[in-house]
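What you see is a predicted model, and the numbers here were worked out from it, not measured in a lab.
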Amino acid sequence: MTSPERQPLLHDLAVTLAAPTVVLSRPDGNLDAAAPGAAVHGLFHADVRAVSLLRVTLRPGRAPSGEHAGKTPPAADGAGGGEGGGWLPFAVMNATDGPGRSRFVGLVQALGDAIPDPTVRVDRRRTVTPGRLTEQLTVRSTATTPVHLAVRVEIAGDLVTLEHAKAGLAPRSPLEPAGELSSGDGVLRWGDKDVEVAVSAPGALADTERSTLTWTLTVKPRENVDLHLAVEISDTAAAVTAAGPRPTWQRPDVTADDRRLPALVAQSLDDLHSLRMAMASSPGDTFLAAGVPWFFTLFGRDSLWAARMLLPLGTDLALGTLRTLAAQQGTRTDPAAEEEPGKILHEVRRGVFDDGMGLRLPPVYYGTVDATPLWICLLHDAWRWGLPADDIEPLLPALKAALGWIDAAARAGDGFLSYIDHSGTGLANQGWKDSGDAARFADGRLAEAPLALAEVQGYAYEAALAGAALLDAFDLPDGERWRTFAAGLADRFRARFWVSDQQGPYPAMALDGSGRPVDSVASNMGHLLATGILNADETATVAARLAAPDMSDAYGLRTMSSQSGGFGPLRYHCGTVWPHDTAIAVTGLARTGHPEAAARLIKGILAAAPAFDYRLPELWGGDARADTPAPVPYPAACRPQAWSAASAIALMTALTGLEPDVPAGRLHLRPTGPLPVGALTIAGLTVAGERLDVTIGTDGRIESVLAPAGLIVEEHPAPRV
């Protein structure tokens, strides 16, 4: 793993994205990867930094006297507060403005009238589309006399890879730009054999020696002057590309007494739209990039979970994700890549990913123990949500291969799915908690591989039953074999994973290489609830452990109990809160009849959301809500993150108790009692390609349902344990 002392911090960056392109800048809109602590600043495209410097400054100018309109005036003496003899606008506002759009407002108090109120400001409208950045700079003046000034843009690129930035390394020297001046339009270009970058600024003067673009202006009182900058990127070696323009899901209309829920859903859907991506080899199949900036590519586990959480909005994303991963399903045994027949990959990069600290991954890396059963679960759930048989049938060979991998993995792992890093340069931990110190005993000691994670056994159990249902439905053999496999796995899990402490029994987070239970009280057990591997009594026990203050008094569910020896509120997987982890637990709690515990966790997420402007990051600190008035940011958290954003949809769905079974012609609704968000209406969900509207009253009772014709709606309360 990358050393946390070197990895750049992300929590205060302004992020504008449209996969596979993203801009990471300061809150004022400027970026400079050479500045202290700013190694990740840049305009990145498909894991390459196309722009490492983009800085806008203003300098005083002279009244026009007939000289060339593009000539740069000399810097003013004593022009403090800026760089290069100019002023950096003082940032007073930055905000997202919809998918791929950001707004910045800066003040220039040194220009204009000599009064306390600012009279000159610069508005920046940033728009990112795949492979392109555009900015409109609007200089506004309310001064009483004309303001003469020069607006200068410093811009350069170093074309380093993402892992270079992730390691906190200084940027390389910018590539020497070529330039041209055509009809007063400034143009700068740089590139290498794979990537070409072209910057254009109509009306500006290009200076290739300084890598700048400069406009000279006179802004009259109460006048606005618009300037335009565009960056175009061409990349012939990218592994990923933009998704197609067609909407990938339907956007619901959400209203609730608690207005935080609709705000969270709206921002999350904007972020998810910007995270849509496709492989260059199959541009018609859309999936979600895992997160910005470190995981801005296909990640098996992350993309599968995000697609699964978004099934209430349609099955198109699930289909694209399933197809994309099936196309690269393992076919051989390759320890260096962790590839095995039938296995679903972990991640895809444009080249070898080398963090300089011992982690070295091939471009297609299969080091994940859970993506394969999760692929099967997504296929099954998409079928239940109405994915047509014509789309499922071509994926049945991949289903059988994935089931074959589960069988082989269980045989090799003493009846459980386990993992170990065979290469010595891959991920030491290969579940979703994949940091090197994630698996700990209750006394804080690290567990040694091979490790069999609790939640992975739950996924395998669910996948075996899901696979059996699909095999039966499509007249394929072995359904009964997989039901027998699931029953045996549940028995083995019950015999080996359960441990006890002073608060009572609970499932250990894993078995270590010696078969000993890794006995930390951790959120892994929350993933078991919806899989079916637990009986009713065991489910009630897990629900009680998750609802206890040591797990749930933070802004969501802690990854590890505050009473465990390895706990730290800012330990990546040992005490922080991850929204997707919380949402998975909430789904299981609601589905198994534990609404009070689910509500407690939902309230934590909703309390956290405003602190992040409703753009949920990858994770945040596990401090108790009573101790901090807002969640403490995890400073290196990715934001936005696909499964964090998708968690908003999962929480919303859990509140409805919605479980469709389109092949059986039924739609189950299990209201959970009084909702933590009050009355709730969701209009525009999608089942079997048709619209679904649901209204739930303050008391948690369903008031109305508008369902597709042909589906029998069954309303019944969730079981109370």
Checking side-chain polar atoms at under 3.5 Å, does [X] have a donor or acceptor matched by the opposite partner on [Y]?
| X | Y | value |
| --- | --- | --- |
| Asp158 | His164 | no |
| Ser25 | Arg126 | yes |
| Gln267 | Asp271 | yes |
| Asp623 | Thr628 | no |

Over 12 non-hydrogen atoms of neighbours within 6.0 angstrom of [atom1] in [X]:
| X | atom1 | answer |
| --- | --- | --- |
| Arg360 | CZ | no |
| Gln250 | CD | no |
| Phe295 | CZ | yes |

Between Trp305 and Trp432, is the ring centroid distance below 6.0 Å? no

Run the ring-centre check on Tyr634 versus His11 and record whether the distance is less than 6.0 Å. no

Compare all side-chain heavy atoms of [X] with those of [Y] and state whether any distance is below 4.5 angstrom.
| X | Y | value |
| --- | --- | --- |
| Leu269 | Leu272 | yes |
| Thr212 | Ile155 | no |
| Glu618 | Leu10 | no |
| Asp421 | Leu427 | no |

